[in-house]
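Working notes, structure below.
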There are 2 protein chains.
Amino acid sequence: MNQPDAIDAFSALAHDTRLAIFRLLVQRGPAGTPAMEVGRLLDLKPSTLSGHLATLKRAGLVTAERQHREILYAPSFDAVNGLVRFLLQDCCGGDKSACAGVVPPDV
Amino acid sequence: MNQPDAIDAFSALAHDTRLAIFRLLVQRGPAGTPAMEVGRLLDLKPSTLSGHLATLKRAGLVTAERQHREILYAPSFDAVNGLVRFLLQDCCGGDKSACAGVVPPDV
DNA sequence: TTCATATTTCGTAATTACGCGAAATAAAGG
DNA sequence: CCTTTATTTCGCGTAATTACGAAATATGAA
């Protein structure tokens with residue numbers, strides 16, 4: 001993870017509708033959810049939905065796979081982990097004891 | 001954590017300079033870093049720095065404490081944890097086995 | 001108080017993001 | 001091929017964000 005990619009990811013999540021989409025995909029699980037179903041559940045116009053899904057995909061936060069007529073979207077947990085690791089990189093000047101308990105041990 | 005607060009936090013991080021400031025504070029540790037030193041290290045004008053620090057503080061990502069003449073800024077690790085928990089809430093429809101290993105166990 | 005240091009507020013101009021209607025494109029079934 | 005379903009692209013008007021100079025404010029030292 002690098003700074004520009006992290007900014008793309010945070011920008012993607014910094015939006016009411018996109019954040020709702022991502023959290024919905026998280027709750028639906030790694031098998032993926034059809035775009036149309038996302039739009040139906042969140043009451044989004046097709047063009048608006050398409051733009052937001054494209055933004056999330058470009059940011060690496062979701063993956064897309066065509067299944068017959070529909071496109072299934074699934075969240076990327078690796079992306080979330082990468083973001084957190086990037087945020088907390090070299091935490092506390094290497095003094096792990098300073099932030100033990102509040103930071104995952106593998107950062 | 002709720003949706004509007006999460007959006008404020010992600011918006012705050014979705015900016016080149018603010019992300020650099022936050023990561024610098026993380027690396028400096030919980031004792032805090034004077035605003036002026038942040039500005040010196042990242043080469044920021046006072047008004048620009050002030051605005052960005054205020055944004056990060058409003059988003060709950062950093063804390064500020066006056067120490068003599070300076071204001072010490074420190075990162076909030078709790079805020080990061082809260083964001084991640086919010087993002088991954090009710091992951092995979094409650095089927096923890098679906099995302100074991102990629103998601104912290106306490107989400 | 002007087003001065004120097006540290007930080008915030010305000011105004012402005014340039015840039016970018018936003019939703020969504022309409023039209024175009026893609027894929028699969030009949 | 002033709003139709004239906006699913007998704008994307010384009011264009012427009014609107015709204016929010018940005019950096020930063022200049023001035024104001026706050027704090028502590030002399």
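Naming convention: chains lettered A, B, ... in sequence-line order (proteins, then strands); numbering from 1 in each chain.
Between the CD atom of B:E37 and the P atom of C:dT7 there is a distance of 11 Å, rounded to whole Å. A:E70 has its CD atom 14 Å from the C1' atom of C:dA26, to the nearest Å. For the pair B:L13 CG and D:dT17 P, the interatomic distance rounds to 15 Å; values are reported in whole Å. One interatomic measurement links the two molecules: NE2 of B:H15 to C1' of D:dA16, which rounds to 13 Å at whole-angstrom precision. Distance A:D43 CG to C:dG19 P: 13 Å, rounded to the nearest Å. Note: CE (A:M36) to C1' (D:dT5) measures 8 Å, nearest angstrom. One can place CG of B:D8 at 14 Å from C1' of D:dA16, the figure rounded to the nearest angstrom. A straight line from CG of A:L44 to C1' of C:dG19 spans 11 Å, rounded to a whole angstrom.
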Any protein N or O atoms within reach of nucleotides 24-30 of chain D? Criterion: under 3.5 Å, listing atom names and distances.
from, atom 1, to, atom 2, distance (Å)
D:dG28, N2, B:R69, NH2, 3.3
D:dG28, N3, B:R69, NH2, 3.1
D:dA29, O4', B:R69, NH2, 3.3

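Both A:L19 and A:L42 are assigned to one and the same hydrophobic cluster, defined by single-linkage of ILVMFWY side chains at heavy-atom distances under 4.5 Å. There is a path of hydrophobic side-chain contacts, each under 4.5 Å, that joins A:F22 to A:L24. Linking ILVMFWY side-chain heavy atoms closer than 4.5 Å, directly or via other members, places B:L25 and B:L41 in a single hydrophobic cluster.
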### Task
Kindly indicate, with the supporting measurements, whether the criterion side chain to side chain contact (heavy atoms under 4.5 Å, CB included) is fulfilled by A:T33 and A:L72.
CA-CA 5 Å; A:T33 305; A:L72 300 183; over 6 Å; no
### Task
Evaluate the side chain to side chain contact (heavy atoms under 4.5 Å, CB included) criterion for residues A:Y73 and A:L56: first the C-alpha distance (whole Å), next the side-chain angles of each, then the deciding distance (0.1 Å), finally the verdict.
CA-CA 10 Å; A:Y73 285 88; A:L56 288 167; over 6 Å; no
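End-to-end axis angle of the helix from C:dT1-D:dA30 to C:dA17-D:dT14, using five pairs per end and rounding to 10°, comes to 30°.
The side chain of B:T17 approaches D:dA19 more closely than any other nucleotide in the set C:dT8, D:dT18, D:dA19.
The distance from the CG atom of A:L83 to the CG atom of B:L13 is 9.0 Å, given to the nearest 0.5 Å. Atom CZ of A:F86 is separated from atom CZ of B:R23 by 3.5 Å, given to the nearest 0.5 angstrom. Separation of atoms CZ (A:R28) and CG (B:D90) is listed at 12.5 Å; rounding is to 0.5 Å. In this structure, A:I21 CD1 and A:H52 NE2 are separated by 6.0 Å, a value rounded to the nearest 0.5 Å. Interatomic distance, NE2 of A:H15 versus CD1 of B:I7, reported as 8.0 Å (0.5 Å rounding).
Listed in residue order, the members of residues 45-59 of chain B having a heavy atom less than 4.0 Å from DNA chain D are B:K45, B:S47, B:T48, B:H52.
The main-chain N or O of A:E70 is never found under 3.5 Å from a side-chain atom of A:H68 such that the two would form a donor-acceptor pair.
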